Amino acid sequence: MLQTIAAFDRIGEENAFAVLARATQLAAQGRDIINLGIGQPDFRTPEHIVEAAIKALHDGHHGYTPATGILPLREAVAADLQKRFGARVSPDEVMIMPGGKPTMFMSILMFGEPGAEIMYPDPGFPIYRSMIEYTGATPVPVPIREENNFAFSAEETLKLITPRTRLLILNSPANPTGGVTPKTEVDKLVAGLERHPDVAIMSDEIYDHMLYDGETHVCLLTYPSIRDRVILLNGWSKTYAMTGWRLGYAVWPGRLYDYARKLAVNLHSCVNASAQFAGLAALTGPQDAVAKMVAEFDRRRKVVVEGLNKLPGVSCKMPKGAFYAFPNVKRTGWKAKTLASSLLEDAGVAVIGGPDFGILGEGYMRLSYANSTENILRALERMGDFLASRKAA
Ligand code: PLP
């Protein structure tokens, strides 16, 4: 019992949800809040996807599905990975999950225990570290550096591997930095990983459609030499603006698939049936809504970065993926979290302080540009006024 309590005390949080709650509270009090905090597209789910879910309900898909997901959807995921990246995936390796997060939960649970080391990006999605700590494993941060355009460095990553390393978590395009690790660097990393056959890799590719400036996505499943130890995390949340549907998928190596299936049976039984039909329509239907959304994010990306670079003490690299900007605010004199909370309380702009994504996040803030250009411009103006008129606290 005591051990359980101790483990639960180690679980962390995603502060973006706390910021969202505070922003909503302030808005309810009548304040005009511009939310650049939460990481979800500000678009509606495309209509044909919504219709597919409604049809599934009318057609009577009201019961449990297999724990691993309906076969047509698993087939569609495999076909999509083959079509987009040339990855050879069997539908029997695909598991439909209630969102992207549960794949990180399950894979960290499978590899984490006291004495084990799990490597994760810092700054990075906060749930990685939270779950590693929960299992009692040692979290080993992999530094993600601005001077490296927020890409993974193969050399630095490989140096951190020890005989205790069980799992390496990768994320590109990345939250919170928008960084994209180039193929040359992934190639180097994979070549190095061939010398460490006992290290599994969990590749979080949830932003794989959101790439700019002609970048192409590198799917870790396409490397035969490590294929049998790659877990792919992906899903519909970001690509199809479906964060509230709770629909994701994993590709598990053979030996892990059955563990994941058992965890699913113990945890959620199966994913909401009508959402799975919606996911099927998303993958097999027209993709123009995705292209439109990405083009719109691309336009806003330029607006937000240009505006940030004009603010006193702020500099911002052009992100190559996802829908986040990660400006450096060190020269403002503010601590990043103090600045973020003051911007919300005093200027009505919700952003997330970099330290919420790891120790190396100090001196940075995350802005999600999943908001209208008009709101982004208003937020930038407010931030400019705030920085010009307020002394660092
Ligand atoms: N992975 C990364 C890097 C994310 O940024 C997010 C969501 O913000 C997720 C996974 C979780 O996605 P989902 O909402 O599908 O659980």
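All ligand and atom numbering here is 1-based and tracks the order in the structure. What you see is a predicted model, and the numbers here were worked out from it, not measured in a lab. Here, residue 1 is the first one in the sequence, and each next residue gets the next number.
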Student: Is there a path of hydrophobic side-chain contacts, each under 4.5 Å between heavy atoms of I, L, V, M, F, W or Y residues, that connects Phe85 with Val180?
Tutor: no

Student: In terms of side-chain geometry, is the basic nitrogen of Lys55 or Glu51 positioned less than 4.0 Å from the acidic oxygen of its partner?
Tutor: no

Student: Determine, for Arg382 against Asp385, whether the closest basic-nitrogen to carboxylate-oxygen distance falls under 4.0 angstrom.
Tutor: no

Student: Assess whether a salt bridge exists between Arg164 and Glu117, defined as any Lys/Arg side-chain N lying under 4.0 Å from an Asp/Glu carboxylate O.
Tutor: yes

Student: Using a 4.0 Å cut-off on heavy atoms, what residues surround ligand 1? Order them by chain and number.
Tutor: Gly99, Gly100, Lys101, Met104, Phe125, Tyr128, Asn171, Asn175, Asp204, Ile206, Tyr207, Ser237, Lys238, Arg246

Student: Parallel, tilted or perpendicular: which describes the rings of Tyr207 and Phe323, with under 30° parallel and over 60° perpendicular?
Tutor: perpendicular

Student: Run the salt-bridge test on Lys330 and Glu146 with the 4.0 Å N-O cut-off and return the result as yes or no.
Tutor: no

